[in-house]
Amino acid sequence: MPKYLLTGGAGFIGSNLVRHILATRPDVELVNLDALTYAGSLANLQDVLSHPRHHFIHGDITDRALVRQWLAGVDCVLHLAAESHVDRSILDASAFIRTNVEGTQILLDAAREVRVRRFLHVSTDEVYGSLGAEGRFTESTPLAPNSPYAASKAAAELLARAAFHTHGLPVLITRCGNNYGPHQHPEKFIPLVISNALSGQAIPVYGTGANVRNWIHVHDHAAGLLAVLDHGEPGMAYNLSSDDELDNLTLARKLLSIAGAPESLLRFVPDRPGHDFRYSLDSSLARTRLSWSPRIALAEGLESTVAWYRDHSEWIRQVRNPEFNRYYQSQYASRLEHAAKTV
Ligand code: NAD
Ligand code: DAU
């Protein structure tokens, strides 16, 4: 039975990927290694925790002995564990260096020792930096990360690239755009807008809301990751994206309309420092070489996502816990105090 080690499987994308693998690969045994930081939760895995082919391990990827122990007999590594929020990296970058950079090197070292068949390193479009109104990132666009988060992800994927070139580790790199869907932490824009809208709270929009993101449903991303794992060429990087680009203000208005909440909740707040203006990915390489393409249209995906959060108020309550409220206060209290209403 093929054995995968997935890191970060209690987080947003990881937990969706766990479900996708269990549902579509009946022969795969899955070891899910996650430190359960503020961003990870067993509540994201409730329905699969006792699945016979899913083994959840509470552990840190920077623990070399533990990583070695769980890599024994593993065929493929799917490395998603990371500190993932740009705003938190601006407040304090240290955990980003530890997990994203040091943790990745520890995994690469251990994967090399046991000679895994594939090492899928999940990176991000943020490594490319920022675009103006025109153009798209291709896989050959030079890396130019702007936030501490993006810089730590660029460092991680360069280490993965080096492991391929120097040691022959069969590394595959993916760079995806902004994901949305069920189980996303409400520190991120879409679940923040939805959960604030559902509870009638003000919604912070950075700057003028003109920044553009290239959105993809997390289920499409999960399918893309497996396409790269199966058919990607070691040493290559693959962009994964939909064609759905939207500025933040338009996106927030759409979500409010779906949630049946008033636009008067929107507030323009002081901008994120160094805020990348636009991301847009050319994913024709993955689409032509790997026969993958995203299937979920944005309108449909946003509807189902709002419905998911509406139906999971207990999940929202658990994640928006006192620790989250402390972060929320430090990130938004003074911004919201001086905010301008958008309508
Ligand atoms: P997330 O923050 O929701 O989840 C991260 C998970 O990693 C959590 O479960 C957390 O507990 C775990 N983790 C953190 N530090 C760890 C450590 N030291 N050891 C073990 N586990 C640890 O993140 P996400 O949005 O699901 O992103 C997953 C991956 O995909 C990340 O590598 C991220 O950079 C990448 N990515 C995310 C997006 C997006 O839009 N969310 C887009 C492209 C790429
Ligand atoms: O592009 C891929 C990246 O997408 C991933 O690598 C990151 O892990 C993921 O967090 C995401 O990064 P962003 O910074 O783009 O996502 P976030 O949800 O934080 O913000 C989306 C946009 O919304 C961005 O332009 C900032 C804006 N925003 C965000 C927050 C939290 C606001 O206007 N207000 C907010 O309160």
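Just so it is clear, the model here is predicted, and its values are computed rather than measured. Just follow the structure's listing: the first ligand is 1, and inside any ligand the first atom is 1.
Annotation: cation-pi pair Arg175/Tyr238 absent, no NZ/CZ under 6.0 Å from the ring centroid and within 45° of its normal. For Arg272 and Tyr206, the positive end is not near the middle of the six-membered ring at less than 6.0 Å and at most 45° from its axis. For the pair Arg320 and Tyr328, the distance from NZ or CZ to the six-membered ring centre is under 6.0 Å and the angle to the ring normal is within 45 degrees. Arg267 forms no cation-pi arrangement with Tyr332, by the criterion of a distance under 6.0 Å to the ring centre and an angle within 45° of the ring axis.
Contact analysis leaves Gly103 out of contact with ligand 1, as no non-hydrogen atom separation drops below 4.0 angstrom. Ligand 1 is approached by Asp60 to a heavy-atom distance shorter than 4.0 Å. No heavy atom of Gln331 sits closer than 4.0 Å to any atom of ligand 2. Using a 4.0 Å cutoff on heavy atoms, Tyr38 does not count as a contact of ligand 1. At least one heavy atom of Ser123 sits closer than 4.0 Å to an atom of ligand 1.
Contacts between Lys188 and ligand 2 below 4.0 angstrom, taking non-hydrogen atoms only, involve backbone and side chain alike. Looking at His185 against ligand 1, nothing comes within 4.0 Å, counting heavy atoms. Residue Glu187 touches ligand 2 through its backbone alone, judged by heavy-atom distances below 4.0 Å. Heavy atoms from both the backbone and the side chain of Asn178 come within less than 4.0 Å of ligand 2. The residue Asn214 has no part lying near ligand 2, judged by heavy-atom distances below 4.0 Å. Residue contacts with ligand 2 for Asn179 are absent, since no atom lies close enough (heavy atoms, distance under 4.0 Å).
Annotation: Asn211 places no N or O atom under 3.5 Å from an N or O atom of ligand 2; distance criterion only. Of the N or O atoms in Ser84, one or more lie within a sub-3.5 Å distance of an N or O in ligand 2. Checked against a 3.5 angstrom limit, the closest N/O atoms of Val205 and ligand 2 fall outside it.
Between the choices Arg335, Arg278, Arg213, the shortest heavy-atom distance to atom 15 (O) of ligand 2 belongs to Arg213. Considering each of Ile57, Leu80, Leu225, Val122, the one bringing a non-hydrogen atom nearest atom 31 (C) of ligand 1 is Leu80. When the heavy-atom distances from atom 36 (O) of ligand 2 to Tyr328, Tyr332, Phe268, Tyr180 are ranked, the shortest goes to Tyr332. Nearest to atom 29 (C) of ligand 2 by heavy atom, out of Tyr149, Phe277, Tyr206, Tyr128, is Tyr206. Closest heavy-atom approach to atom 5 (C) of ligand 1 within the set Ala82, Ala150, Ser152: this belongs to Ala82. Within the set Thr37, Asn214, Leu36, the minimum heavy-atom distance to atom 13 (N) of ligand 1 is found for Thr37.
When side chains are defined from C-beta on, Trp215 counts as touching Leu298, because their heavy atoms get closer than 4.5 Å. Within the 4.5 Å cutoff, side-chain heavy atoms of Thr7 are placed close to those of Leu107. Ile57 has its side chain within reach of Val31: a pair of non-hydrogen atoms, C-beta onward, lies under 4.5 Å apart. Side-chain contact between Ile316 and Tyr309 is present, with heavy atoms from C-beta onward closer than 4.5 Å. In this structure, Lys153 and Phe96 have side chains that are not in contact, with every pair of non-hydrogen atoms separated by 4.5 Å or more.
Protein heavy atom at the shortest distance from atom 25 (O) of ligand 1 is Phe12 CD2, 3.7 Å. The nearest heavy-atom contact from the protein to atom 38 (C) of ligand 1 is Ile13 CD1, 3.6 Å. When hydrogens are left out, the protein atom nearest atom 42 (C) of ligand 1 is Gly177 O, 3.2 Å; that is the closest non-hydrogen contact. Counting only heavy atoms of the protein, atom 9 (O) of ligand 1 lies nearest to Asp34 OD2, 2.6 Å.
None of His221, His185, His217 except one satisfies the ring pair (Phe, Tyr, Trp, His ring centres under 6.0 Å) rule with Tyr180; the exception is His217.
Near Asn248, the atoms of ligand 2 lying under 4.0 angstrom from a non-hydrogen atom of the residue are 22 (C), 23 (O), 24 (C), 25 (O), 27 (C). Each of the atoms 31 (C), 32 (O), 33 (C), 34 (O) of ligand 1 lies under 4.0 Å from some heavy atom of Lys153. For ligand 1 and Tyr149, the ligand atoms under 4.0 Å from any heavy atom of the residue are 33 (C), 34 (O). Every atom of ligand 2 with a heavy atom of His85 under 4.0 Å away is listed here by number and element: 19 (O). Close approach of ligand 1 to Ser84 is summarised as follows: ligand atoms under 4.0 Å from at least one heavy atom of the residue are 1 (P), 2 (O), 23 (O). Less than 4.0 angstrom separates some heavy atom of Asp125 from each of these atoms of ligand 2: 1 (O), 2 (C). Shown in contact with Val86 at under 4.0 Å from a heavy atom are these atoms of ligand 2, numbered in order with element: 14 (O). Proximity to Asn178 (heavy-atom distance under 4.0 Å) selects the following atoms of ligand 1: 40 (O).
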Give the C-alpha distance, both sets of side-chain angles, the deciding distance and a yes or no for side chain to side chain donor-acceptor pair (under 3.5 Å) between Gln201 and Ser199. CA-CA 6 Å; Gln201 293 180 61; Ser199 56; 3.0 Å; yes
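Heavy atoms only, all atoms of each residue included: Arg335 and Asp271 are closest at NH2-O, 3.3 Å.
Looking at Lys188 and Asp87, no side-chain N of the basic residue comes within less than 4.0 Å of a carboxylate O on the acidic one, giving no salt bridge. Between Asp27 and Lys3, no side-chain nitrogen of the basic residue sits less than 4.0 Å from a carboxylate oxygen of the acidic one, so the salt-bridge criterion is not met. Contact check on Arg317 versus Glu314 returns a salt bridge, with a Lys/Arg side-chain nitrogen under 4.0 Å from an Asp/Glu carboxylate oxygen. Salt-bridge annotation for Arg278 and Glu245: present, with a side-chain N of the basic residue lying under 4.0 Å from a carboxylate O of the acidic one.
Aromatic pair His183/Trp308: centroids less than 6.0 angstrom apart.
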